[in-house]
Amino acid sequence: MSVPWPRGVPRIPARFPWGGWPPSWPSEAWGLSFDPEALDGSPFLIQSVDPTQSCDPTGSVLDSPLFRSFHAASRTTHRSRMSRAYDHHAVEAKWQAYWDQHRTFRATEDPVRPKFYCLDMFPYPSGSGLHVGHLEGYTATDIVSRFKRMRGFNVLHPMGWDAFGLPAEQYAVKVKTGIHPAQTTAQNIATFKRQMKRVGLSYDWDRELSTTDPDYYRWTQWIFLKLFERGLAYVAEVPVNWCPALGTVLANEEIVDGRSEVGGFEVIRKPMRQWVLKITAYADRLLEDLKLVDWPASTLEMQKNWIGRSIGADVEFALAGVAGSVRIFTTRPDKLFGATYMVLAPEHPLVEALTPPDRRGEVQAYRDAAARKSDLQRQELDKEKTGVFTGGYAINPVNGERLPVWIADYVLMSYGAGAIMAVPAHDQRDWEFARRFALPIREVIAGGAIDKEAFVETERGTVINSTTPDGSFSIDGLTPADAIPKITAWLEGRNTGRKAINYKLRDWLFARQRYWGEPFPILWVDGEARPLPEEQLPLMLPETSDFKPSGTGESPLANLADWLATTDPRNGQPARRETNTMPQWAGSCWYYLRFIDPKNSRQLIDPAQERYWMPVDLYIGGSEHAVLHLLYSRFWHKVLYDVGVVSTPEPFLKLVHQGIVLGEDNQKMSKSRGNVVNPDDMIDRFGADAVRLYEMFMGPLEAMKPWSTRGVEGVTRFLDRTWRLMVADDGSLSPAVTSAEPALASQRILHQTIKKVTEDIEALRFNTAISHMMVCTNEMTKLETRPRALLAPFAPHMAEELWERLGHRQSLAHEAWPAFDPALTVSDRLTIPIQVNGKLRGKIDVGLEASQAEVERCALDEVASTLQGKTPKKVIYVPKKLVNFVV
RNA sequence: GCGAGAGUGGCGGAAUUGGCAGACGCGCGAGACUUAGGAUCUCGUGGUUAACCCCGUGGGGGUUCAAGUCCCCCCUCUCGCACCA
């Protein structure tokens, strides 16, 4: 079967060193250039290229000051031989300007073509600029985008800025610069954008957006109103993580090892009035719909764990001597008969009612101590369990026993019901606690050695000692797996328990006491939260020069009296504005939608365009967002789905995390280690194409790997070689372009390379794709012919330049990707390894059609000396693979 | 402790429906061209060896004609969660 070569073609690569000397390669003619256009027919034709048309010896490149100075330097140092090397500065600048001018990468809806939405996690524009780690992910998506364009896809590849957030505000306050965060942010964005353009990333800049732009956060606020309308945003007095040093409340996710992620300050528990989003209402869907996406296994696992769904039962224990009951959640109702005491979280509301007057002092002391402890301290104390007896008792519903009720901080108020039944025989924590306080341990699952350790396996063992006192109900003799549904049904029948599903996931603390964030579109009237009418959005972030926290726990906005006091537009009542701002996650929750329709002033997004572009086909970003951003984003997306704004249940179809790039010393890059690699330096020295190529050549995209500047030099040499395949020493296109037909061997290499590169890009195996292009270039150099490597997505600048020199007038960005002929990817000769007893003893070269008998005969000859006349007992023949003689 | 992933030359890494281990690149060695070479080009480069043999994919067993790849046990590293009832 012969596949016609699509109209587009190849491009060639090559590149040359950073500033130095021109290469002095012999100036003899080198091979030919294949013109893809000519390949439509069966034979592999070569079309001559008219040098007068394709070469531009006086064009912008050669005219550039850079080249001229380089030229002059070469002349003086180089004497007789003058040649022109690839000048990455000039060529890259030229094509970047061309792409800008022609808006080459602008995406417009086109119902005829298939779409491909290729998205990077947009960055927080920090003051330090892009680092080589950013570049890894951006280069990957850029290669895929360029590749897909050439494959006929309508590609949406946008970029924007997640620009609200603490650092810019801290820069004004903590560093005492007083510089407005808006100003810092604008500068940083300019730096990022300049750097991105220098790398040759093919974004559609017409769609650029920033979360700090009122036209953008207007819709962030709009989404909040939708959440509010649906009861998914509410205010609660909740214990929060208060960081005195930062003067703000932090989310759980912003705390690492009990200290603030930013700055490492102490964090304590403090009850406060907070906005909370009811993400728990979507817990099931967030879990279930993970089945719909193609994400890394580790990320799926982390999301599942974070949601933490567990199935069990709620069970009511009546209080002894006091009205009411305490509810517990357990995944193991089969162990109810083994409960010997109960434990409440210190914060549990029933503690007061349960504690008789003579125990109050001790109980209160313990509760106070627990409240004062930070999370860090609680964790440190995990060596030995602490707790006190409340003096109260509860009744075990299965056997009427009186169980002493304790409080202990190993029981968390925030999980389940904040209370447990303790079954020390079969729970490690309860076992330790019971040992410490000499509480009874009763075995109800046979199979372990409970005097030595808790027996916790559900899969093994048999239930014992589990019959009601009156003998009317028993689960004795059952396996735990069978006992659980039986006792759950029994509890339900007696109305003392029921099947229950519990989640680790908690509602999302959504408020921050900061200036540089989205203001809430909420007014307070008579202590009641009222939404701002949609028409009044955006609620602008007020101007100020004082970004310090108010100190009372309110944000800097609380200092702005004029802004604060307003009236309810519905009835003119005096109102006070909400002073909290939204967390940084808010803006990043839905930015991928706005890229689709960034200028729409009437709607968040046009429904038709949303249906065309969504979902995101490929999303690349760091694994540090495996849970938070990706979970919050999915939550908002599902709400918008319910609201009718989006048409897909999940936003991101395929997700990939790029690995971390380490410093040359194999350590994490950090300023303090002094091993940070600056992309600008690298591009100055080697050019953007070389840096892009190296980023991808380092290793698998998802792996953590060290930077090597030597390695960049290596790919630079490859680019140089490729350039020289096409361009003669004097800077003109190689004059030896003829109409001769290239050897079959060349065609094979070419087609094999096209095949490999095509498949590797599809599978995001960029390192092996590059390696094959290198093989191709190396082979072509030897053969003195000119093939193309499929370089355009990887080294777009050089590819454009070569493309132009081949006589093309238009950017190759939308040219068709070359196809390969499968027939040409296989050789007509095979090298078959010959083994004796499984060890390699020789190789033979046979024709493709060689029969088994022929191959075996040749093979025998080949290893005759090893066999020493012995006759093989057995011959293993794997067609086209190998022959193995067993003697 | 629990969960997930990974261990291959001096280095980054190729190769897993079991079938030539080390592609490609770095580094290193030799040579060519040079007044020169930190440029470029050519050849070589897992260990051992004069050569053959032999040994080699974290360690130890096993299955197989054949194991980096499959099975069992162990070690190490990375990431995540860490009293979640």
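Worth saying up front: this structure is predicted, and the values here are computed from it rather than measured. Each chain gets a letter, A, B and so on, in the order its sequence line appears, and its residues count up from 1.
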If you check every side-chain atom of A:Asp409, which of B:U40, B:C83, B:A14 has the closest atom? B:C83
Testing B:C84, B:C20, B:G27 for proximity to the side chain of A:Leu840, the answer is B:C20
Is there, by distance only and without an angle test, a donor paired with an acceptor across the side chain of A:Lys385 and the base of B:C83 below 3.5 Å? yes
With rounding to whole Å, what would you report as the distance between B:U45 and B:G9 at their C1' atoms? 10 Å
Side chain of A:Asn884 only, please: which of B:C24, B:U17, B:A66 is the nearest? B:A66
Ignoring hydrogens and geometry, is there a side-chain-to-backbone donor-acceptor pair from A:Asn675 to A:Ser670 under 3.5 Å? yes
With a 4.0 Å cut-off on heavy atoms, is A:Asn502 in touch with a base, just the backbone sugar-phosphate, or nothing at all? nothing
To the nearest angstrom, how far is A:Arg332 atom CZ from B:C84 atom P? 14 Å
Under a 3.5 Å cut-off for both distances, is B:G12 Watson-Crick or wobble paired, and to whom? B:C24
Is there a side-chain polar atom (N or O) of A:Asn778 under 4.0 Å from OP1 or OP2 of B:G25? yes
Identity of whatever pairs with B:G37 - Watson-Crick or G-U, under 3.5 angstrom: none
Give me the distance, rounded to whole Å, that separates B:G61 from B:G13 when you measure between the P atoms they each carry. 29 Å
Take atom C1' in B:G12 and the same atom in B:A30, then report the distance between them in whole Å. 25 Å
Would A:Lys385 pass as a cation-pi partner of A:Tyr410, given that its NZ or CZ must be under 6.0 Å from the six-membered ring centre and within 45 degrees of the axis? yes
Protein-nucleotide distance (A:Met774, atom CE; B:A14, atom C1'), rounded to Å: 13 Å
Let's test this: given Watson-Crick or G-U wobble pairing with both distances under 3.5 Å, identify the partner of B:A30. B:U42
Would you mind telling me which residue lines up with the more 5' stretch of RNA chain B, A:Pro700 or A:Ser771, judged by nearest nucleotide? A:Pro700
The side chain of A:Glu301 is closest to which nucleotide in this list: B:G27, B:A85, B:G3? B:G3
Rounded to whole Å, CH2 of A:Trp306 lies from C1' of B:A82 at a distance of 11 Å
Would you indicate what A:Lys504 reaches in the nucleic acid, counting non-hydrogen atoms under 4.0 angstrom: base, sugar-phosphate, or nothing? base
Quote, to the nearest angstrom, the C1' distance that separates B:C20 from B:C33. 37 Å
Any strand: nucleotide that pairs with B:U49 via Watson-Crick or wobble, under 3.5 Å: none
Taking atom types as modelled, is there a side-chain donor on A:Tyr415 or A:Ser310 under 3.5 Å from an acceptor on the other? yes
Rounded to whole Å, CG of A:Asn837 lies from C1' of B:A67 at a distance of 16 Å
So A:Leu491 and A:Arg498, do their side chains get closer than 4.5 Å, heavy atoms only? no
Picking from B:G25, B:A4, B:G27, the nucleotide nearest the side-chain atoms of A:Arg710 would be B:G27
Look at the side chain of A:Arg429 and decide which nucleotide, out of B:C20, B:C84, B:A15, has an atom nearest to it. B:C84
The nucleotide from B:G25, B:A4, B:C83 with an atom nearest the side chain of A:Ser298 is B:A4
What nucleotide among B:C65, B:C84, B:A14 has an atom nearest to a side-chain atom of A:Asn767? B:A14
When both distances are under 3.5 Å in a Watson-Crick or G-U wobble arrangement, the nucleotide paired with B:A85 is none
In the structure I gave you, are the side-chain heavy atoms of A:Val423 and A:Thr330 within less than 4.5 Å of one another anywhere? no
For the pair made of CG in A:Leu412 and P in B:A85, what is the distance, rounded to whole Å? 10 Å
Distance, rounded to the nearest Å, where A:Met698 contributes CE and B:C26 contributes P: 16 Å
Taking a pair to mean Watson-Crick or G-U wobble geometry with both distances below 3.5 Å, B:G3 pairs with B:C79
note: A:Arg692, atom CZ; B:G25, atom C1'; distance rounded to Å ~ 19 Å
Let me know the distance between NE2 of A:His657 and P of B:G5, rounded to the nearest Å. 14 Å
For a side-chain contact (heavy atoms from CB on, under 4.5 Å) with A:Phe455, tell me which candidate from A:Asp427, A:Ile445, A:Val444 qualifies. A:Ile445
Is there a side-chain polar atom (N or O) of A:Arg721 under 4.0 Å from OP1 or OP2 of B:C41? yes
Selection from B:C54, B:C26, B:G19 that lies nearest to any side-chain heavy atom of A:Arg717: B:C26
Below the 4.0 Å mark, does B:C84 have OP1 or OP2 next to a side-chain nitrogen or oxygen of A:Arg309? no
Roughly how many Å apart are B:C74 and B:G7, using the C1' atom of each and rounding to a whole number? 14 Å
Can a donor-acceptor pair be found, under 3.5 Å and without considering hydrogens, that links the side chain of A:Glu664 to the backbone of A:Thr709? yes
Of A:Val886 and A:Ala417, the one whose nearest nucleotide on RNA chain B sits closer to the 5' end is A:Val886
Nearest of B:C20, B:C24, B:A14 to any side-chain atom of A:Thr768? B:A14
How far does the C1' atom of B:U57 sit from the matching atom of B:A14, given to the nearest Å? 12 Å
Checking all strands, does A:Met704 fall into the base, sugar-phosphate, or nothing category for heavy-atom contacts under 4.0 angstrom? sugar-phosphate
In whole angstrom, give me the gap between the P atoms of B:C52 and B:G46. 13 Å
Rounded P spacing from B:A23 to B:C43 in Å: 15 Å
Measuring to OP1 and OP2 of B:C55, would you say a side-chain N or O of A:Lys839 lies under 4.0 angstrom away? yes
Centroid separation A:Tyr341 to A:Phe433 less than 6.0 Å: yes
State the syn/anti category of B:G9 according to its glycosidic angle, syn meaning within 90° of 0. syn
Please work out if A:Arg765 contacts a base, only the sugar-phosphate, or nothing of the nucleic acid, heavy-atom cut-off 4.0 Å. nothing
Would you check if A:His625 and A:His657 make a side-chain contact, meaning some heavy-atom pair closer than 4.5 Å? no
